[in-house]
Amino acid sequence: MTLIIGLLIPLLGTMLGSAFVFFMKDEMSVRLQKTLLGFASGVMVAASVWSLLIPSMEMVEDSGRWSVLPAAVGFLLGMGFLLMIDELTPHLHIGTDKPEGMQSHLSKTAMLALAVTIHNLPEGMAVGVVFAGAESSVSNISLASAVAVALGIAIQNVPEGAIISMPMRAAGNSKWKSFVIGSLSGAVEPVGAVAVLLLASMLMPVLPYMLAFAAGAMFYVVVEELIPEASNGQHSNLSTIGFAVGFVLMMVLDVVMG
């Protein structure tokens, strides 16, 4: 039951954020969007460091100074994997009309959906790998720490859901359609988590690498997408403040619950 709840919590966060479309009449303000993007970045960076990279090194601490090797290799592989997916997959970011990735004849809606999938897949993998670590006997990851990761990602999914559904509404879609599209953007997370869990028995020997792999993938999303979007347009310190709040909140959640 705890596992099921842990897998569904991030999706519920996305749905909650998407529901903002029913309560906000106008398009989301740029100031609020920058703050929420910064907050989401802070949560993802803290989760990557405290819940993924540090446990990765702790699992092989008997290796001495070489305990950093799985974390370093896994991190770079995660960054490289997302870079490859980003280059090969045709997708379109919200607020832009220039597609990225390989040329295709996909519709604008399909490319927007693919962009969201690229964004959310690493978060689902992170949830899956920490729960796999919590269920194994070879890691120091507790079940409470795994739930903390799921809760932290759910918290940062709230602003993400709003950031997706609100522009959909501003583009002329109905509130319900905007809510559904925003909610479905988080559906890939439990799918990614379940896929990792199904392969858990095979992944145990390389779990330190997988933890760092998920961290690298999440860092890629932060550096390549969230921070540039938060810094776009007129300069503001709101995204920096949001980042600080998100980072500290996730750090506290991980330490207190872990």
Side-chain angles (χ1 to χ4, degrees), residues 1-16 43-60 70-71 73-82 84-85 89 113-114 116-158 160-161 183-221 250 253-254 257-258:
M1 181 59 68
T2 303
L3 178 60
I4 294 174
I5 294 174
L7 294 177
L8 291 179
I9 284 175
L11 177 59
L12 293 176
T14 304
M15 294 178 67
L16 178 61
V43 170
M44 291 180 71
V45 169
S48 298
V49 174
W50 292 88
S51 304
L52 298 171
L53 288 174
I54 292 177
S56 171
M57 289 182 279
E58 288 178 341
M59 286 184 64
V60 290
V73 172
F75 184 88
L76 292 176
L77 287 175
M79 291 281 285
F81 176 73
L82 259 291
M84 180 184 68
I85 294 296
T89 307
L114 285 172
V116 173
T117 300
I118 294 172
H119 180 119
N120 287 337
L121 182 60
E123 298 169 17
M125 293 171 57
V127 173
V129 76
V130 292
F131 271 98
E135 290 186 335
S136 74
S137 58
V138 297
S139 75
N140 296 325
I141 301 174
S142 67
L143 186 59
S145 181
V147 172
V149 174
L151 184 59
I153 290 178
I155 291 172
Q156 71 96 22
N157 278 352
V158 173
E160 282 190 2
S183 298
L184 288 177
S185 69
V188 69
E189 292 186 17
V191 173
V194 169
V196 171
L197 285 170
L198 290 176
L199 298 172
S201 60
M202 299 171 55
L203 296 176
M204 283 303 110
V206 292
L207 186 57
Y209 293 90
M210 287 302 301
L211 288 166
F213 182 93
M218 289 176 66
F219 257 88
Y220 180 87
V221 172
M250 185 62 227
L253 270 177
D254 186 84
M257 295 184 66

- Item | Heavy-atom closest pair, residues Leu253 and Leu151 | CD2-CD2, 4.0 Å
- Note on the structure: Between Ser183 and Leu11 the two heavy atoms that sit nearest each other are O-CD1, 3.7 Å
- Item | Ala214 to Val129 - nearest heavy-atom pair and separation | CB-CG1, 4.1 Å
- Task: Sort and list the pairs that fulfil side chain to side chain donor-acceptor pair (under 3.5 Å) and have at least one residue in residues 205-217, not counting sequence neighbours.
- Result: none
- Task: Kindly write out the residues that satisfy side-chain contact (heavy atoms from CB on, under 4.5 Å) with Phe81, not counting sequence neighbours, or none if the list is empty.
- Result: Met84, Ile85, Phe213
- Looking only at heavy atoms, what is the nearest atom pair of Met250 and Gly152, with distance? SD-CA, 3.5 Å
- Query: Do Met204 and Leu207 touch side chain to side chain, with heavy atoms closer than 4.5 Å?
  - Reply: yes
- Task: Hey, could you give me the OG1/CD distance between Thr14 and Glu189, rounded to the nearest 0.5 Å?
- Result: 5.0 Å
- How long is the span from the CD atom in Glu123 to the CG atom in Leu121, to the nearest 0.5 Å? 9.5 Å
- Distance in Å, Met44 CE paired with Ile153 CD1, rounded so as to fall on 0.5 Å steps: 7.0 Å
- Verify the neighbour count for atom CE of Met125: are there more than 12 heavy atoms of other residues, nucleotides or ligands below 6.0 Å? yes
- Item | Over all atoms of both residues, closest heavy-atom pair of Leu82 and Tyr220 | CB-CD2, 3.5 Å
- For Ala212 and Ser56 the tightest heavy-atom approach is CB-OG, 4.1 Å
- Message: Contact between Ile9 and Val127 at the side-chain level, heavy atoms closer than 4.5 Å - yes or no?
- Response: no
- Message: I need the Ile54 CD1 to Leu211 CG distance, nearest 0.5 Å.
- Response: 12.0 Å
- Message: Could you measure the distance from the CE atom of Met210 to the CE atom of Met202? Nearest 0.5 Å is fine.
- Response: 11.0 Å
